[in-house]
Enquirer: 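Got a structure for you, written out below as structure tokens; questions coming shortly.
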There are 2 protein chains.
Amino acid sequence: MTSGPESRRKTTAPDTGAVPGTVRPGGRTARVREAVLRAAGDALAEHGFAHLDLAEVARRAQVGKTTVYRRWGTVTALLADLLDDMAEQSEPRTETGTLLDDLAANAALVCRTLTDPRQGALFKAVIAAATCDTTAAEALHRFYAARVAEWAPCVRQAADRGEVPADTDPEQVIRAVSAPLYYQLLTTGAPLDRAAAERAARSAYAAACAGVFRREQ
Amino acid sequence: MTSGPESRRKTTAPDTGAVPGTVRPGGRTARVREAVLRAAGDALAEHGFAHLDLAEVARRAQVGKTTVYRRWGTVTALLADLLDDMAEQSEPRTETGTLLDDLAANAALVCRTLTDPRQGALFKAVIAAATCDTTAAEALHRFYAARVAEWAPCVRQAADRGEVPADTDPEQVIRAVSAPLYYQLLTTGAPLDRAAAERAARSAYAAACAGVFRREQ
DNA sequence: GTGTTAACGGGACCGGAGTTCCGTTAACTG
DNA sequence: CAGTTAACGGAACTCCGGTCCCGTTAACAC
């Protein structure tokens, strides 16, 4: 009863089940992706997550509405892709020689990122998306895991120098630097300034020295 | 040219500009509000912020769709009202006698709240809403300001006892307890367990003792 | 170069969120 | 206990986000 595969052979390919953009990722496809991600970032910085619609993104990117829906489908999926794209352009870690200064540098970097109108808006949006969508949440976890892993070595070096207990978990220290900054961004109206960054670094440093972040047992 | 106020006097009142529910807040109006807030909480725990629509809330609450749109209008406004409602039912602070234990009690409370399926979902949703809507953001700030103010006294008492520097800012200490818990909830997949709460309390305590949260100068 | 077909793009289409209209119910006043 | 009218509720309507269809363009293979 099934119509044979040779019947109705059209120029339109049968669905391969795969996501569009994976078989011929060059040229036009790459240009479209770039334009859409840029437009999405712009729209996000203006309207925020709640009022972001794919049709408008398509318009801004001068790309067919259908294309955006076919390749990304949902706002959260687009955000996840945007975050993955951004993960590739992270500033390299600086090394100062002391743990406190390294942490301060990290805090300043986080602070700068969250304060930047464009990046800040993006992060807020992705966090919002992550609260209600698994795909976005996983992208966010991946992103922070990578960032934390990049900065962890400075804690390991400090442990070698004897600045903190030898069995200190480096990743916990790095997260302790970011936590108060994100918390302040989300739950208070107060602006993220240099003092807040300084405090975040000193707080994480004091806790690490006190042995709060030592591994279990 | 304006039609006089006596012309066309209908039974329907002219718009007073005020939000419905403020002039006759008793009886039916109160019942409607209660039913809608309950239904909104239920829907939120199920679908999350992104897929919450007011029509469904109205259906669950067995209330006219029009009523919900008239009184709240947007999802974020409804969330703000829901948060204000929740702010009234906070558990009272416990007093243990030492700062570290007080902070641990606070951390445990926050942890319990965020872990609870219903309250946790609500908080995630409100945070998401706050990232893109001023009304929700203000409600969130009010909420945390109240919570922080409730717990601040334990730091003040500790300062009197000499546990921490006298010019320690109590609110910063309390926020330092919550920050890592919220950060973990949002940016990692790791579950919020007792150990995380314990760490949050000890970290804030160590930093406070080290004088990180002293007021400017 | 030529051929295949992945990927794009315009336009018609559809469903449901949000609005408007107006009649009904019941909260407050005296 | 009436009278006034704030607030509710059903139903029709509008508008637009998201989908579908199908023709066009151009990436990759040879």
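Lettering of chains follows the sequences in order, A, B, ..., and the numbering in each one begins at 1.
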Enquirer: If I take atom CH2 in residue A:Trp72 and atom P in nucleotide C:dA7, what distance separates them, rounded to the nearest angstrom?
Expert: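 After rounding, the gap between these two atoms is 12 Å.
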
Enquirer: Kindly write out the residues that satisfy side chain to side chain donor-acceptor pair (under 3.5 Å) with A:Thr74, not counting sequence neighbours, or none if the list is empty.
Expert: A:Thr76

Enquirer: Measure up the A:Phe123 and A:Tyr144 rings against each other and bin them: parallel (under 30°), tilted (30 to 60°), perpendicular (over 60°).
Expert: tilted

Enquirer: Determine whether the side chains of B:His51 and B:Glu46 contain a donor N or O and an acceptor N or O closer than 3.5 Å.
Expert: no

Enquirer: So, does B:Thr67 get its side chain near the phosphate of D:dG9, meaning an N or O under 4.0 Å from OP1 or OP2?
Expert: yes

Enquirer: Can you check whether B:Arg31 has a side-chain N or O nearer than 4.0 Å to OP1 or OP2 of C:dT25?
Expert: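 No.
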
Enquirer: Between A:Asp53 and A:Arg70, which is nearer to the 5' end of DNA chain D once each is assigned its nearest nucleotide?
Expert: A:Asp53

Enquirer: So, OP1 or OP2 of C:dG18: does either fall under 4.0 Å of a side-chain N or O from B:Tyr69?
Expert: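 True: B:Tyr69 side-chain N/O within range (under 4.0 Å) of C:dG18 OP1/OP2.
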
Enquirer: Hey, does the side-chain of B:Lys65 have a donor or acceptor N/O within less than 3.5 Å of a partner on the base of D:dG9?
Expert: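 Between D:dG9 and B:Lys65, which were checked side chain against base, a qualifying N/O pair under 3.5 Å is absent.
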
Enquirer: Quickly work out the A:Leu54 CG to D:dT19 C1' distance and round it to whole Å.
Expert: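 So the two atoms are 13 Å apart, to the nearest Å.
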
Enquirer: For A:Ala204 versus A:Val177, what's the shortest heavy-atom pair and its separation?
Expert: CB-CG2, 3.5 Å

Enquirer: Does atom CZ (B:Arg194) have a neighbourhood of more than 12 heavy atoms from anything else shown, all under 6.0 Å?
Expert: no

Enquirer: Rounded to whole angstroms, how far apart are NE2 on B:His51 and C1' on C:dA17?
Expert: 15 Å

Enquirer: Quick check: on DNA chain C, is the nucleotide nearest B:Thr66 upstream (toward 5') of the one nearest A:Arg71, or the reverse? Name the residue that is more 5'.
Expert: A:Arg71

Enquirer: Could you pull out the protein-nucleic contacts involving nucleotides 28-30 of chain D (nitrogen or oxygen on both sides, under 3.5 Å)?
Expert:
| unit_1 | atom_1 | unit_2 | atom_2 | d |
| --- | --- | --- | --- | --- |
| D:dC28 | OP1 | A:Pro25 | N | 3.4 |
| D:dC28 | OP1 | A:Gly26 | N | 2.8 |

Enquirer: Counting distance only, does the side-chain N/O of B:Thr188 pair as donor-acceptor with the main-chain N or O of B:Ala190 below 3.5 Å?
Expert: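 Yes, the answer is positive, given that a donor and an acceptor are paired below the 3.5 Å cut-off.
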
Enquirer: Quick one: on DNA chain C, does A:Arg28 or B:Arg59 contact a more 5' nucleotide (nearest heavy atom)?
Expert: A:Arg28

